[in-house]
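Numbers here simply count residues along the sequence, with the first being 1.
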Amino acid sequence: MPFIQITIAEGHDRSVKRDLLAAVSAAAAQATGTPESAFRVWLVEVPDSEVMVGGTLLHDTRHPRATP
């Protein structure tokens, strides 16, 4: 039974996460020829204060400080 873990920053709504899980499950089944029912796919969400993109915390990108 294949396992797929996806790690993402918190903040996506439930429908986006559901669509992502469904798309990955379907794509893995198609790519491998393994029945989709054999796959276990799950999300691990981490706070955006613990994700860095290009040297900038994702939290800072999502919530820029207002400049006076």
Side-chain angles (χ1 to χ4, degrees):
M1 159 178 355
F3 294 90
I4 300 171
Q5 177 175 307
I6 303 166
T7 304
I8 63 172
E10 291 178 335
H12 302 329
D13 67 42
R14 184 175 298 212
S15 64
V16 168
K17 293 186 286 187
R18 182 181 296 116
D19 291 347
L20 174 60
L21 289 168
V24 168
S25 181
Q30 182 180 9
T32 63
T34 303
E36 190 171 351
S37 61
F39 285 90
R40 303 298 180 259
V41 184
W42 66 94
L43 293 175
V44 175
E45 293 181 283
V46 296
D48 62 5
S49 61
E50 297 181 12
V51 177
M52 185 165 277
V53 179
T56 303
L57 285 175
L58 184 57
H59 177 81
D60 295 342
T61 301
R62 288 180 169 176
H63 308 283
R65 295 183 179 139
T67 53

In terms of hydrophobic clustering (I, L, V, M, F, W, Y; side-chain heavy atoms under 4.5 Å; direct or indirect links), are Phe3 and Val44 co-clustered?
yes

Heavy-atom closest pair (Pro2 atom, Ala38 atom, distance to 0.1 Å) is CD-O, 3.4 Å

Are Val53 and Val46 co-members of a hydrophobic cluster defined by side-chain heavy atoms under 4.5 Å apart?
-> yes

Taking every heavy atom of Val51 against every heavy atom of Ala9, the minimum-distance pair comes out as CG2-CB, 4.0 Å

One should read off an interatomic distance between His59 NE2 and Glu10 CD, to the nearest 0.5 angstrom, of 12.0 Å

When you group the ILVMFWY residues by side-chain heavy-atom contacts below 4.5 Å and let the links chain together, are Trp42 and Leu20 in the same group? no

Which of Asp19, Leu43, Ile4 passes side-chain contact (heavy atoms from CB on, under 4.5 Å) with Val24? Answer is Ile4

In terms of heavy-atom contacts, His12 and Lys17 come closest through O-CE, 3.5 Å

Separation between CG (Leu58) and NE2 (His63), nearest 0.5 Å, reads 8.0 Å

Closest non-hydrogen atoms of Ala29 and Pro35, given as atom of the first, atom of the second and distance, are CB-C, 4.2 Å

CG (Leu21) and CZ (Arg40) are apart, to the nearest 0.5 Å, by 13.0 Å

Heavy-atom nearest pair, Thr32 first then Phe39, reads OG1-CZ, 3.5 Å

More than 12 non-hydrogen atoms from neighbouring residues, nucleotides or ligands closer than 6.0 Å to CD on Gln30, yes or no? no

